[in-house]
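Notes follow the structure.
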Amino acid sequence: MQQRVVITYAKYGDTSVESSILEEAGFEVVLASEYAEADRPALWQSADALMVGIDVWDRETIGTLGSCKVICRVGTGVDAIDIPAAEDHGIWVTNVPDYSIDEVSSHAIALMMAQARYLFPHRNLGRSGNWRYRAETPIRRLSDQTLGVIGLGRIGKASARKGRGLGLRVIAYDPYIPDSDFDSVGAEKVDFDTLMRESDYITLHVPLYDGTRKLIDARALSLMKPTAFLVNTARGEVVDVPALVEAVKNGVLAGAALDVLPVEPPDPDDPVLHDDRIIVTPHIGWASEEAGHDSRVRASEDIRRVLSGERPKYPLNEPKVRVW
Ligand code: NAD
């Protein structure tokens, strides 16, 4: 019988790349967006493979899957998937860890630069014909400043390299990697509190899990320089956002730039959207034509491998029971 791949994120765009690879390999491709909400449970039940976005796959939902062999996150962050639950049900979980390293690190640096050069306040001045130098804005020379990187993995390393390229001193906190990783990007290894105290810009690149949820809370924010900025392109829940908004309001830090929020999209009344010192972008750190294409190709190829009985290239677990 023809194996069925269900794509859950189709509403976000075209799935011709996925379809061409998977149909060519002999699989049926079905878009969940073409099914009514009430028919989805039966659709999950019928899937041999799921290609997912940031939708939640918790233990309960995973328990309703029938013959599913792989859940593939067409992206990097897998915090919305209960990986141990999938493992217990004999289901591979895969992602695409390497499709947007350049994009996300560039986005983090762009957000940092926008804050460093007060780009948006100055854009508004320019638009209104106001050529007055704003002495109240403490613009600082970048090459005299320090960038702190929290999480020195793939994206953190790329951000550190780009920061070094701009002449910044780079310090980093990551307790899970060898010293040689810090050396390889010219970052000084520091502890968490030192990073929070000494950085002029802090960029977050940790995955979301219990150990990083609200890593940046009111205590951590209180250590920051009043002139410093926080940049988050990792996951919204790594930051206690109401505490951040309060801290910016009270001058504990100068501002923030967030590509990710705990709830996406946020409530239009959320105070985080209404403070000029906080820049919010709609989770587009990953985005480029090339990254979109690469993620779909790599994810589809991993689905093809699993459905053909091979090991995936990007496994995140070792399923305990093989259901096929
Ligand atoms: P990675 O796994 O290569 O690196 C993560 C690093 O964080 C690792 O070196 C790890 O040791 C470190 N780490 C883990 N726990 C830590 C802790 N408590 N304190 C300090 N360091 C810790 O991941 P990556 O590819 O660099 O991606 C990082 C995150 O970026 C992803 O998990 C994802 O959530 C996010 N992301 C966002 C976008 C976007 O569009 N904004 C796109 C891709 C990825």
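Positions are given from 1 along the sequence. First listed ligand is number 1; within each ligand, the first listed atom is number 1.
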Can you pull out the closest protein heavy atom to [atom]? Residue, atom name and distance to 0.1 Å, please.
| atom | answer |
| --- | --- |
| atom 4 (O) of ligand 1 | Gly153 CA, 3.2 Å |
| atom 37 (C) of ligand 1 | Thr233 O, 3.1 Å |
| atom 32 (O) of ligand 1 | Pro207 CA, 3.3 Å |
| atom 22 (C) of ligand 1 | Val206 CG1, 3.5 Å |
| atom 12 (C) of ligand 1 | Asp174 OD2, 3.1 Å |
| atom 35 (C) of ligand 1 | Ala234 O, 3.5 Å |
| atom 2 (O) of ligand 1 | Arg154 NH1, 3.8 Å |
| atom 42 (C) of ligand 1 | Val104 CG2, 3.3 Å |

Has ligand 1 got any nitrogen or oxygen that is less than 3.5 angstrom from a nitrogen or oxygen of [X]?
| X | result |
| --- | --- |
| Tyr99 | no |
| Trp286 | yes |
| Arg235 | yes |

So which atom in [X] and which in [Y] form the shortest heavy-atom distance, rounded to 0.1 Å?
| X | Y | result |
| --- | --- | --- |
| Val29 | Ser19 | CG1-OG, 3.7 Å |
| Asp191 | Tyr173 | C-CD1, 3.8 Å |
| Val245 | Pro271 | CG1-CB, 4.0 Å |

Any donor-acceptor pair under 3.5 Å from [X] side chain to [Y] backbone:
| X | Y | value |
| --- | --- | --- |
| Asp174 | Tyr176 | yes |
| Asp270 | Leu273 | no |
| Thr194 | Val190 | no |

Have a look at ligand 1 and work out which part of [X], if any, has a heavy atom under 4.0 Å from it: side chain, backbone, both or neither.
| X | value |
| --- | --- |
| Ala287 | neither |
| Leu152 | backbone |
| Phe192 | neither |
| Thr76 | side chain |

If you count the atoms of ligand 1 from 1 in the order shown, which ones are under 4.0 Å from a heavy atom of [X]?
| X | value |
| --- | --- |
| Ser100 | 42 (C), 43 (C) |
| Gly285 | 40 (O) |
| Pro175 | 19 (N), 20 (C), 21 (N) |
| His283 | 39 (C), 40 (O), 41 (N) |

Any donor-acceptor pair under 3.5 Å linking the side-chain atoms of [Y] with those of [X]?
| X | Y | value |
| --- | --- | --- |
| Gln145 | Tyr201 | yes |
| Ser288 | Glu103 | yes |
| Asp58 | Thr61 | yes |
| Tyr9 | Glu18 | yes |

Requested in this report: Begin with the C-alpha distance, continue with both residues' side-chain angles, and end with the deciding distance and a verdict on salt bridge (Lys or Arg N to Asp or Glu O under 4.0 Å) for Arg298 and Asp302.
Outcome: CA-CA 6 Å; Arg298 291 173 200 173; Asp302 245 2; over 6 Å; no
Query raised in the report: What do you reckon, is NE2 of His274 surrounded by more than 12 foreign heavy atoms closer than 6.0 Å?
Result: yes
Query raised in the report: With a 4.0 Å cut-off on heavy atoms, is Thr212 touching ligand 1?
Result: yes
